[in-house]
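Throughout, numbering of the chain's residues begins at 1 and tracks the sequence.
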Amino acid sequence: MKARNEEVPPAATAGGAAAVDVPAARRPGARRGRERLTPPSWLALTFLLPALLLLGFLVVYPIVYSVIRSFFDASGDSFVGVDNYTGVFKGHNNLVAVRNTAIWVVVAPTIVTIIGLVFAVLTERIRWATVFKLVVFMPMAISFLASGVIFRLVYQMDPDKGVANAALVAIHDTFAQGTTYPGAGPRSGGDAPVREEGGAVVTANPVQAGQSALVPLLKVKPEYLPKDAKPAAQPPAAKPGQLTGTVWFDFTRGGGGQQNTPNAGESGLPGIKVEAVRDGKVVAKATTEADGTFTMKDVPDGTYTVRLPKDNFTGAYRGAEWLGSTLITPAIIGSYLWVWSGFAMVLIAAGLAAIPRDALEAARVDGATEWQVFRRVTIPLLAPVLMVVLVTLVINVLKVFDLVFIIGGGDPNANVLALQMWTVSFGGGGDQGAGSAIAVLLFLLVLPAMLFNIRRLRQERK
């Protein structure tokens, strides 16, 4: 009985319970089963082989070939060393392309990032944020080719066709109202009461205070004649200390009439600026009425020359020459901002959503203003996202081609390295050696930015 009641020592179960507690991983059969779940290396390579071949054919081979081709001349027969690379910084067109590329890299990513940051912050405070984001992001759905065509029309010189110049002309005419008569001028001949002098029209004979002056003009085009113009009238009687006169279109339809005097059927010229000049100084000014008459008051006694400044005869303001040599690069950068601002806004808005609200509220509780919260809390916490957006845009800007090609229309003043590479290689240059050198240079410029972005993304994952 005692033997039956005694506890069995652990050693006695070595062959039983101990055998059950052995981990399954140590069983010989389990190890072989797990190895069967992991495919052999040769099988993985077999499945990756098509992708590797395609990657090598489309990426690796062109890179290697371009590097080799960049050391040969246009025909590909003669080895020229680094001459193609040094040639990138020689010649007017190449230097313009390098300069414009530097402007793009410095200006475009910075402005797009700032605009995206402003939009992202503002959309957090408005009810219709979703609609606003949709409208701003919508240009990303349009190809660069279509965007270039759109802005090629926007930048048309004619205000009746180009939206940009239509807006400029509307603003200009609002704050600088005035009527001009391009091409108008006096009648030629010795008996004419007025003559042309340096683009201005002046009276041939001096006029004294208290007298009137007649200023007949010809060559007034009908399209420049205002709708509110009235028939020309005789100048009002001048009182002491006044100088009056009439400026009119000295032409009678159908013929007839007397020259150098207002006749029935002849139109006054309203809106013309008139000056009384003595010893080269303007003493009094006036503007003609609808019937062409004018009156200068408080004119001191003396002899004067009545002058119509040349501004009266210059062309009307027609806006800016957006696609000219001066503004073409800023104009194209403006179209780039329109396309990519939505991209920056969406990424930065996602970064804003991830910022802990506790940090913002703690700063406000401590008495910080909204600007201080934005500058000292929001911006530092958003710095990684802003850097990723900025670097991504730099990579994109270095490769910009479509917008410059479509909007610039081949203008050398809008050239960038990516477009110069295509022009030298296929756009008439026929020198694929020089084009390959530009391509390799662009690759070397993009590579550090790509590596920086990859490193930043890996750090964020960790």
Side-chain angles (χ1 to χ4, degrees), residues 18-72 76 85 105 109 113 116 137 140-145 339-340 342-351 353-355 382-402 417-418 421-422 425-426 432-433 435-462:
V20 176
D21 294 337
V22 175
R26 297 181 182 177
R27 296 178 185 176
R31 180 163 183 167
R32 288 194 299 270
R34 188 181 64 178
E35 289 177 351
R36 292 194 190 97
L37 295 177
T38 304
S41 300
W42 64 267
L43 184 60
L45 290 175
T46 302
F47 281 99
L48 289 175
L49 186 60
L52 293 176
L53 291 176
L54 187 63
L55 183 66
F57 179 73
L58 295 179
V59 178
V60 178
Y61 170 72
I63 292 175
V64 175
Y65 180 81
S66 297
V67 173
I68 297 174
R69 186 67 177 83
S70 65
F71 293 105
F72 289 83
Y85 290 93
V105 170
T113 304
F137 191 77
M140 285 294 297
I142 306 174
S143 67
F144 267 19
L145 178 64
V339 175
W340 282 91
F343 167 82
M345 178 194 66
V346 170
L347 291 186
I348 296 173
I355 292 179
L382 270 180
V385 177
L386 295 176
M387 187 58 65
V388 169
V389 172
L390 185 65
V391 174
T392 302
L393 291 174
V394 168
I395 295 172
N396 185 270
V397 159
L398 286 171
K399 303 182 296 180
V400 66
F401 171 84
D402 313 59
L417 283 177
M421 174 191 67
W422 178 86
S425 301
F426 311 106
Q432 295 186 5
S436 298
I438 298 177
V440 173
L441 179 61
L442 281 175
F443 176 75
L444 294 177
L445 292 175
V446 170
L447 191 59
M450 293 178 61
L451 295 177
F452 177 85
N453 250 2
I454 293 172
R455 182 181 178 185
R456 172 72 66 177
L457 291 174
R458 287 180 176 177
Q459 289 177 349
E460 290 182 357
R461 288 180 182 178
K462 291 180 180 180

Undergrad: Once rounded to the nearest 0.5 Å, what's the spacing between atom OG1 of T113 and atom CZ of F343?
TA: 9.5 Å
Undergrad: Give, for atom CD1 of I348 and atom CG of L382, the distance between the pair rounded to the nearest 0.5 Å.
TA: 7.0 Å
Undergrad: Could I get the full list of side-chain contact (heavy atoms from CB on, under 4.5 Å) partners for L52, not counting sequence neighbours?
TA: L48
Undergrad: Determine whether L53 and F57 satisfy the following criterion, side chain to side chain contact (heavy atoms under 4.5 Å, CB included), listing intermediate values before the conclusion.
TA: CA-CA 6 Å; L53 291 176; F57 179 73; over 6 Å; no
Undergrad: Could you pull out the closest heavy-atom pair between R69 and S436, with the gap in Å?
TA: CG-OG, 3.6 Å
Undergrad: Apply side-chain contact (heavy atoms from CB on, under 4.5 Å) to L145 and list each qualifying residue two or more places apart in sequence or on a separate chain.
TA: S143, I406
Undergrad: Taking distance alone, no hydrogens or angles, what donor-acceptor pairs closer than 3.5 Å link side-chain atoms of residues 384-402 to residues at least two apart or in another chain?
TA:
{"residue": "T392", "atom": "OG1", "partner": "V388", "partner atom": "O", "Å": "2.7"}
{"residue": "T392", "atom": "OG1", "partner": "N453", "partner atom": "ND2", "Å": "3.0"}
{"residue": "N396", "atom": "OD1", "partner": "Y336", "partner atom": "OH", "Å": "2.9"}

Undergrad: Only pairs at least two apart or in different chains count here, so list each side-chain hydrogen bond (donor to acceptor under 3.5 Å, both in side chains) that has a residue in residues 47-66.
TA: none
Undergrad: Mind jotting down which residue pairs meet the side-chain hydrogen bond (donor to acceptor under 3.5 Å, both in side chains) criterion with at least one end in residues 41-58? Sequence neighbours excluded, please.
TA: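 Checked against side-chain hydrogen bond (donor to acceptor under 3.5 Å, both in side chains) - neighbours excluded - no pair reaches residues 41-58.
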Undergrad: With sequence neighbours left out, write down each residue that passes side-chain hydrogen bond (donor to acceptor under 3.5 Å, both in side chains) with S70, or none if nothing qualifies.
TA: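 Scan of S70 (side-chain hydrogen bond (donor to acceptor under 3.5 Å, both in side chains), adjacent residues dropped) gives Y85.
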Undergrad: For I68, which residues count as a side-chain contact (heavy atoms from CB on, under 4.5 Å) partner, sequence neighbours excluded?
TA: V64, F72
Undergrad: Sequence neighbours excluded, which residues qualify as side-chain contact (heavy atoms from CB on, under 4.5 Å) partners of L43?
TA: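 Per chain and number, L43 pairs via side-chain contact (heavy atoms from CB on, under 4.5 Å) with P39, P40, F47.
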Undergrad: Tell me whether the count of non-hydrogen atoms from other residues, nucleotides or ligands lying under 6.0 Å of CE in M450 goes above 12.
TA: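 Open: at most 12 neighbouring heavy atoms sit under 6.0 Å from CE of M450.
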Undergrad: Over all heavy atoms of both residues, which pair between P62 and G56 is shortest? Give the atoms and the distance, please.
TA: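 So the two residues come closest at CD-O, 4.2 Å.
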